[in-house]
2 protein chains.
Amino acid sequence: MIQPMLLLLILKKPTHGYELIQSFNALHEDEIVEPGTIYRNLRRMEKEGFVLSNWEATETGPARRNYAITRAGLKALQGAVLKLKQQKKEIEDFLTEYSDLAAKEGHSDEN
Amino acid sequence: MIQPMLLLLILKKPTHGYELIQSFNALHEDEIVEPGTIYRNLRRMEKEGFVLSNWEATETGPARRNYAITRAGLKALQGAVLKLKQQKKEIEDFLTEYSDLAAKEGHSDEN
DNA sequence: AAGCCTATGTGCGTCATGCACTTAGTGTTA
DNA sequence: TAACACTAAGTGCATGACGCACATAGGCTT
C-alpha cells in the first residue's frame with residue numbers, strides 16, 4: 001500500500017520525502033507511518049528504477065532530495081493498481097461471506 | 001488477511017490445519033500460502049486465545065489437531081472485519097484518485 | 001521395499017516495519 | 001548567546017511475518 005501511494009503522490013506532484021510524509025499522513029490520520037519507512041521506501045523505489053532523485057539546495061533549510069516518477073514507475077503503479085483491484089475483490093468476497101454467515105447464525109452485527 | 005480468513009473458515013466449520021490449507025488455497029488459487037504459514041498462524045491464534053485445539057485420533061492416518069473458535073476469536077474476527085472495511089475504503093479512495101488523474105492526464109487505462 | 005498421501009511442525013534466511021537516535025541547516029525565543 | 005524548534009534525510013536494532021526446504025510420522029498402494 002505504501003509504495004503505490006507514494007508513486008501516485010509523486011506522479012501528481014514531484015516533491016521531496018519530507019513533504020511526502022506530511023501528505024501521506026494527512027490522508028492516513030489514523031495509522032501514521034514512520035518517517036524512516038517513507039525514506040526507505042523512496043530509496044528502494046529509486047534502486048528499482050521507479051523514481052529518480054536529485055538534490056535541491058534551499059535557502060530556508062537543509063537540502064532536499066526531490067523525486068520524480070519514471071516510465072518504469074508508471075508501469076509499476078499500473079501493476080499495483082491491478083493488484084489492489086484484486087485485493088479489493090478478495091476483501092469484498094470475505095466481507096460478503098462474513099455477512100451471509102452472520103445473518104444466518106445470528107452473530108448480528110449489522111449497522 | 002490470513003488470520004481473519006482462517007477464523008471465518010473455522011467459524012463456518014471447526015476443522016484441522018491440513019483441511020484449512022486445502023480450503024484456503026482453493027479460494028486463493030493464484031497466490032497459494034505455505035503450509036508452514038497456516039500452521040504457525042493457527043498456533044499463534046491459539047496462543048492469543050482466539051482458537052482452541054484438541055487432538056483427534058483417526059483410523060485412516062496421523063492424528064489431527066482440531067480447531068474451534070472462541071468467544072475472543074469471534075471478537076477478533078469482528079475487529080478484523082472493521083479493519084478490512086477500512087482497508088477496502090482506502091483502496092477505493094486510492095483507485096478513485098488514480099482513475100481521476102489518469103482520466104485528466106491521459107495515462108489512459110480504462111477497460 | 002519404495003513411493004505417495006495425510007498431517008503437523010521446525011530451522012534458516014529475508015524482508016518490512018516501528019522505535020529511537022543521529023546529523024545538519026536555519027530561525028526563534030528566553 | 002544558549003536553548004529550542006522546525007525542516008530534511010537517514011541509520012541501527014529488535015521484532016514479526018513469510019517462503020523455502022526439510023523433518024517426522026501414520027497408513028495405504030504397487
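Please read these numbers as outputs of a predicted model, since none were measured by experiment.
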Donor-acceptor pair under 3.5 Å: do we get one between B:Arg40's side chain and the base of D:dG19?
yes
Taking the side chain of B:Glu34 as its heavy atoms from C-beta onward, which of D:dG19, C:dT17, D:dA9 lies nearest to it?
D:dG19
Rounded to whole Å, please give me the gap between CE in B:Met1 and C1' in D:dC18.
17 Å
Sorted by position of nearest nucleotide on DNA chain C, 5' first, the leading residue of A:Ala63 and A:Asn41 is A:Asn41
By nearest-nucleotide position on DNA chain C, the 5'-leaning member of B:Arg65 and B:Pro62 is B:Pro62
Within this structure, what is the CD-to-C1' distance between B:Glu59 and D:dG27, rounded to whole angstrom?
12 Å
Atom pair distance, as rounded to whole Å: CE in A:Met5 and P in C:dT17:
14 Å
Gap between atoms CD and P, on A:Glu31 and C:dT17 respectively (whole Å):
12 Å
Contact under 4.0 Å: A:Thr37 side-chain N or O vs C:dT17 OP1/OP2
no
First of A:Thr60 and A:Gly36 reached from the 5' end of DNA chain D, by closest nucleotide:
A:Thr60
In this structure, how many angstroms lie between the P atom of C:dA16 and the CG atom of A:Leu6, rounded?
14 Å
Report yes if some heavy atom in the side chain of B:Phe50 is under 4.5 Å from a heavy atom in the side chain of B:Arg44; otherwise report no.
no
Can you tell me if B:Tyr18 touches the phosphate of C:dT8, counting only side-chain N or O atoms and a distance under 4.0 Å to OP1 or OP2?
no
Flag side-chain contact, heavy atom, 4.5 Å: A:Met1 against A:Leu84
yes
Protein-nucleotide distance (A:Asn25, atom CG; C:dT17, atom P), rounded to Å:
13 Å
Carboxylate-amine/guanidinium proximity below 4.0 Å for A:Arg64 and A:Glu19:
no
Within the pair B:Tyr39 and C:dG9, is there a side-chain N or O less than 4.0 Å away from OP1 or OP2?
no
So B:His28 and B:Met5, do their side chains get closer than 4.5 Å, heavy atoms only?
yes
With a cut-off of less than 4.0 Å, is there a side-chain N or O of A:Arg64 near OP1 or OP2 of D:dA8?
yes
Round to the nearest Å and state the distance from A:Lys47 atom NZ to D:dG10 atom C1'.
14 Å
Name the one of B:Leu9, B:Leu52, B:Val51 that satisfies side chain to side chain contact (heavy atoms under 4.5 Å, CB included) with B:Tyr67?
B:Val51
Presence of A:Asn66 side-chain N/O under 4.0 Å of D:dA8 phosphate oxygens OP1/OP2:
no
Take atom CE of A:Met45 and atom C1' of C:dA16, then tell me their distance rounded to the nearest Å.
14 Å
Could you tell me whether A:Ile21 contacts a base, only the sugar-phosphate backbone, or nothing, with contacts defined as non-hydrogen atoms closer than 4.0 Å?
nothing
Is there a side-chain polar atom (N or O) of B:Arg44 under 4.0 Å from OP1 or OP2 of D:dG16?
no
